[in-house]
Amino acid sequence: MSTYNRIYAIVRQIPIGKVATYGQVAELAELYGKARLVGYALYRVDKNSDIPWHRVINAKGEVSESPLRLGSDYVQRSLLEAEGIEFNAEAKIDLRKYQWQPTIL
DNA sequence: AGCGTGACGCGTG
DNA sequence: ACACGCGCCACGC
């Protein structure tokens, strides 16, 4: 089980209609303080995979942009809105309302 | 065995 | 609100 596979395993558990932050995924994968790794891992995710990569956003509640997507970052927002997640005028998500609360053991 | 390349997060001013 | 600085590390040449 590689480090990235652990990250993907966590991301796969995020339910529809909820989001998780990079830092949160890092913690759940026991990679405390290594939020960047989560970003690096998602950068490599294939869009056609079964990983709900779009449900991972940054700690500010914004969709992070990536040059890899060549300006198609709006796709992530669309996918989230399709799941019922709302964005405010600042293009941010209310984490208090939509952040995934993992079942505690 | 380097080295460049990346979707972060938090603190400080 | 903005601009830094810095810790962090897997992967493909």
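Worth saying up front: this structure is predicted, and the values here are computed from it rather than measured. All values below come from the heavy atoms of this structure, side chains included, with hydrogens, waters and symmetry mates left out. Here is the naming used below: chain letters follow the sequence lines, and residue numbers restart at 1 for every chain.
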Can you find a pair of side-chain heavy atoms, one from Gln13(A) and one from Ile10(A), that are under 4.5 Å apart?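 Result yes, sub-4.5 Å side-chain heavy-atom pair found.
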
>> Between Gln76(A) and Ile57(A), is there a side-chain heavy-atom distance shorter than 4.5 Å?
In response: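 Counting from C-beta outward, Ile57(A) and Gln76(A) do come under 4.5 Å.
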
- Which listed nucleotide (dA1(C), dC11(C), dG9(B)) is nearest to the side chain of Ala59(A)?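 Selected nucleotide: dG9(B).
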
Applying side chain to side chain contact (heavy atoms under 4.5 Å, CB included), name anything that partners [X], two or more places apart in sequence or on another chain.
| X | result |
| --- | --- |
| Asp50(A) | Arg12(A) |
| Arg36(A) | Tyr40(A) |
| Ser64(A) | Tyr22(A), Asn58(A) |
| Ala26(A) | Leu31(A), Val38(A) |

Roughly, in whole Å, what's the span from [atom1] in [X] to [atom2] in [N]?
| X | N | atom1 | atom2 | result |
| --- | --- | --- | --- | --- |
| Lys60(A) | dA3(C) | NZ | P | 11 Å |
| Arg6(A) | dC8(C) | CZ | P | 16 Å |
| Tyr32(A) | dC8(B) | OH | P | 22 Å |
| Asn5(A) | dC11(C) | CG | P | 8 Å |
| Lys34(A) | dA10(C) | NZ | C1' | 11 Å |
| Asn58(A) | dC10(B) | CG | C1' | 13 Å |
| Leu42(A) | dG9(B) | CG | P | 11 Å |
| Asp73(A) | dC8(B) | CG | P | 11 Å |

Expected output: side-chain Gln99(A) to main-chain Gln24(A) donor-acceptor under 3.5 Å: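 It does not hold such a pair.
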
| message | Between Lys92(A) (side chain only) and Val63(A) (backbone N and O only), is there a donor and an acceptor less than 3.5 Å apart? | response |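 Flag not set: sc Lys92(A) to bb Val63(A) has no pair under 3.5 Å.
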
Quick check: on DNA chain C, is the nucleotide nearest Glu90(A) upstream (toward 5') of the one nearest Ala35(A), or the reverse? Name the residue that is more 5'.
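Checking each residue's closest nucleotide, the 5'-ward one belongs to Glu90(A).
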
Where DNA chain C forms stems, i.e. three or more consecutive Watson-Crick or G-U pairs with both distances under 3.5 Å:
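Listed by first number, the stems are B:2-6 with C:9-13, B:8-13 with C:2-7.
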
Hey, does Glu65(A) reach any base, or is it just sugar-phosphate, or nothing, if we go heavy atoms under 4.0 Å?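 Sugar-phosphate, no base atom in range.
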
What nitrogen or oxygen pairs link the protein and nucleotides 3-6 of chain B at under 3.5 Å?
from   : atom 1 : to       : atom 2 : distance (Å)
dG6(B) : OP1    : Tyr43(A) : OH     : 3.2

query = After noting the C-alpha distance and the side-chain angles of Glu81(A) and Arg77(A), does the key distance pass the salt bridge (Lys or Arg N to Asp or Glu O under 4.0 Å) rule?
reply = CA-CA 6 Å; Glu81(A) 290 180 321; Arg77(A) 172 170 174 154; 3.1 Å; yes

